[in-house]
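Report on one structure; see the data block that follows.
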Number of protein chains: 2
Amino acid sequence: MATRTDAPTRREQILKEAARLFAERGFHGVGVDEIGAAVGISGPGLYRHFAGKDAMLAELLVGISEQLLRGAKRRLAEADGSSGADVLDSLIEGHIDFALDDRPLITLHDRELDRLRDSDRKLVRQLQRQYVELWVEVVREVYPALAEPTARSAVHSVFGLLNSTPHLGRPGSLPGRAVTAELLHRMARGAFGAAGE
Amino acid sequence: MATRTDAPTRREQILKEAARLFAERGFHGVGVDEIGAAVGISGPGLYRHFAGKDAMLAELLVGISEQLLRGAKRRLAEADGSSGADVLDSLIEGHIDFALDDRPLITLHDRELDRLRDSDRKLVRQLQRQYVELWVEVVREVYPALAEPTARSAVHSVFGLLNSTPHLGRPGSLPGRAVTAELLHRMARGAFGAAGE
DNA sequence: CAGGGAGGTTAGCGGTCGTTAACCTGAAGG
DNA sequence: CCTTCAGGTTAACGACCGCTAACCTCCCTG
């Protein structure tokens with residue numbers, strides 16, 4: 001898969017702006033006219049690209065969940081043979097990249113899940129669960145003392161830590177992306193270590 | 001201040017149910033009729049107790065912020081003379097109690113702030129900021145190597161970790177409140193330690 | 001150069017929601 | 001016993017919102 005160099009399609013523009021607006025004001029707090037205005041067209045014009053407002057949210061949430069899971073699986077495959085600790089580091093790094101680069105999506109991911117149609121919600125939940133279980137396995141390999149429910153709680157808590165990036169102030173006020181990423185990484189490792197000792 | 005033993009007032013019932021519903025489906029996703037139904041009256045009946053739907057959210061968010069800050073100040077005063085590490089432990093313990101006992105409020109706290117009137121939002125932001133700064137001071141006392149912006153980021157991240165309780169499954173599926181509290185506490189300390197080393 | 005589809009537009013419908021108005025009722029107090 | 005008032009009720013209004021209908025306008029293509 002080649003790196004994208006083409007201009008973003010209209011669909012992609014819409015999804016990006018919708019994600020930003022949903023994250024800022026909540027799904028029900030944003031009107032289709034606003035989403036349209038954000039990409040320079042009017043509300044009903046969106047229906048040339050999406051079946052409805054719900055469909056935009058569904059595509060966003062399914063997309064995030066798939067992307068996270070795919071990335072984690074890839075890292076797991078690439079790091080095959082490495083130590084468990086290295087694999088865990090790789091997972092943490094991937095999640096941090098996502099949290100820092102797609103902050104609106106991180107916000108949506110755990111906030112608007114209940115606004116989905118039943119089938120979509122089930123799909124997203126399943127993808128999320130797979131992602132969590134993948135982490136749980138790696139964590140338990142590194143910290144064998146952890147029982148499975150404890151490991152799962154620890155994983156959810158570290159997600160909470162890593163997903164705190166939207167609260168760290170506007171992107172400009174951060175001490176620099178690399179520094180922030182490194183801080184989050186150290187803290188995540190420290191949290192797991194304290195859980196598993 | 002005596003411990004409450006009286007039955008909850010109607011106002012308190014309403015606030016509690018509104019908090020639960022807002023946390024479940026978002027402020028815009030809940031109608032006044034639903035809130036009324038949750039306490040056994042009909043929608044417009046709520047207006048005998050609150051000026052409007054906004055007023056309920058405002059009272060909830062201001063109340064949480066005040067409660068958090070008041071509790072932290074009390075713990076700081078009570079632990080005067082103790083080591084910094086003990087004070088930090090006390091702060092962590094207080095936040096965990098809140099996160100475990102008032103999960104809907106934790107959810108609202110960082111999710112629906114933007115739905116407030118300007119003046120209310122400023123008030124809540126100010127209270128939140130005071131709470132954070134109080135933590136930052138204690139954290140920097142325990143970990144002097146931490147620069148202030150780094151310490152603030154670390155505090156926000158630990159809040160993310162502690163506030164992950166709503167994602168840990170329904171109250172019944174947790175490994176037990178005390179066990180969960182202890183796990184969260186250890187992880188928070190571990191995260192701060194890793195940030196400040 | 002016809003024509004057809006992609007991608008817009010505005011007008012408007014139907015439903016929902018917050019809020020108000022008008023009315024009712026039961027219990028407390030003089 | 002009459003009044004008052006807290007705390008309800010139902011009806012209805014006005015605004016908003018998601019979505020559809022109907023129409024327009026390029027641009028590509030045979």
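Just so we're on the same page: letters track the sequence lines, and every chain starts at 1. All values below come from the heavy atoms of this structure, side chains included, with hydrogens, waters and symmetry mates left out.
- A salt bridge between A:Arg20 and A:Glu24 is present, with a side-chain N of the basic residue lying under 4.0 Å from a carboxylate O of the acidic one.
- Taking a cutoff of 4.0 Å between a charged side-chain nitrogen and a carboxylate oxygen, A:Arg129 and A:Glu133 do not qualify as a salt bridge.
- Listed by first and then second residue, the side-chain hydrogen bond (donor to acceptor under 3.5 Å, both in side chains) pairs involving residues 153-162 of chain B are A:Ser164-B:Ser157 (not counting sequence neighbours).
- Here A:Asp97 pairs with A:Arg177 under the salt bridge (Lys or Arg N to Asp or Glu O under 4.0 Å) rule; sequence neighbours left out.
- Judged as a ring-ring contact (aromatic ring centres under 6.0 Å, His included), and not counting sequence neighbours, A:Tyr143 has no contacts.
- With sequence neighbours excluded, the residues that form a side chain to side chain contact (heavy atoms under 4.5 Å, CB included) with B:Ser65 are B:His109, B:Val124, B:Leu127, B:Gln128.
- Of all the residues in residues 51-63 of chain A, A:Gly52, A:Lys53 reach under 4.0 Å from DNA chain D with at least one non-hydrogen atom.
- In this structure, the ring-ring contact (aromatic ring centres under 6.0 Å, His included) partners of B:Phe159, at least two apart in sequence or on a different chain, are B:His95, B:Tyr131, B:Trp135.
- Residues passing the salt bridge (Lys or Arg N to Asp or Glu O under 4.0 Å) test with B:Arg115, sequence neighbours excluded: B:Glu112.
- The span of DNA chain D lying next to chain B, judged by atoms under 4.0 Å from heavy atoms, is bounded 5' to 3' by D:dG7 to D:dA11.
- Heavy-atom distances under 4.0 Å link DNA chain D to B:Ile41, B:Ser42, B:Pro44, B:Gly45 of residues 38-47 of chain B, given in residue order.
- The pair A:Asp114-A:Arg125 meets the salt-bridge criterion, with a side-chain N (NZ, NE, NH1 or NH2) lying under 4.0 Å from an Asp/Glu carboxylate O.
- When DNA chain C is scanned in the 5' to 3' direction for atoms under 4.0 Å from non-hydrogen atoms of chain B, the outermost contacting nucleotides are C:dG18 to C:dC23.
- Applying the side chain to side chain contact (heavy atoms under 4.5 Å, CB included) rule to A:Thr165 yields the partners A:Ala99, A:Leu100, A:Arg103, A:Leu168, A:Leu184; only residues at least two apart in sequence or on another chain are considered.
- Judged as a side chain to side chain contact (heavy atoms under 4.5 Å, CB included), and not counting sequence neighbours, the contacts of A:Arg117 are A:Ser119, A:Asp120.
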| request: Just do the side-chain contact (heavy atoms from CB on, under 4.5 Å) check on B:Lys53 and B:Phe27 with the steps written out, would you? | output: CA-CA 9 Å; B:Lys53 198 182 159 193; B:Phe27 179 68; 3.8 Å; yes

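- Nearest-nucleotide assignment on DNA chain D puts the 5′-proximal partner with B:Arg48, out of A:His28 and B:Arg48.
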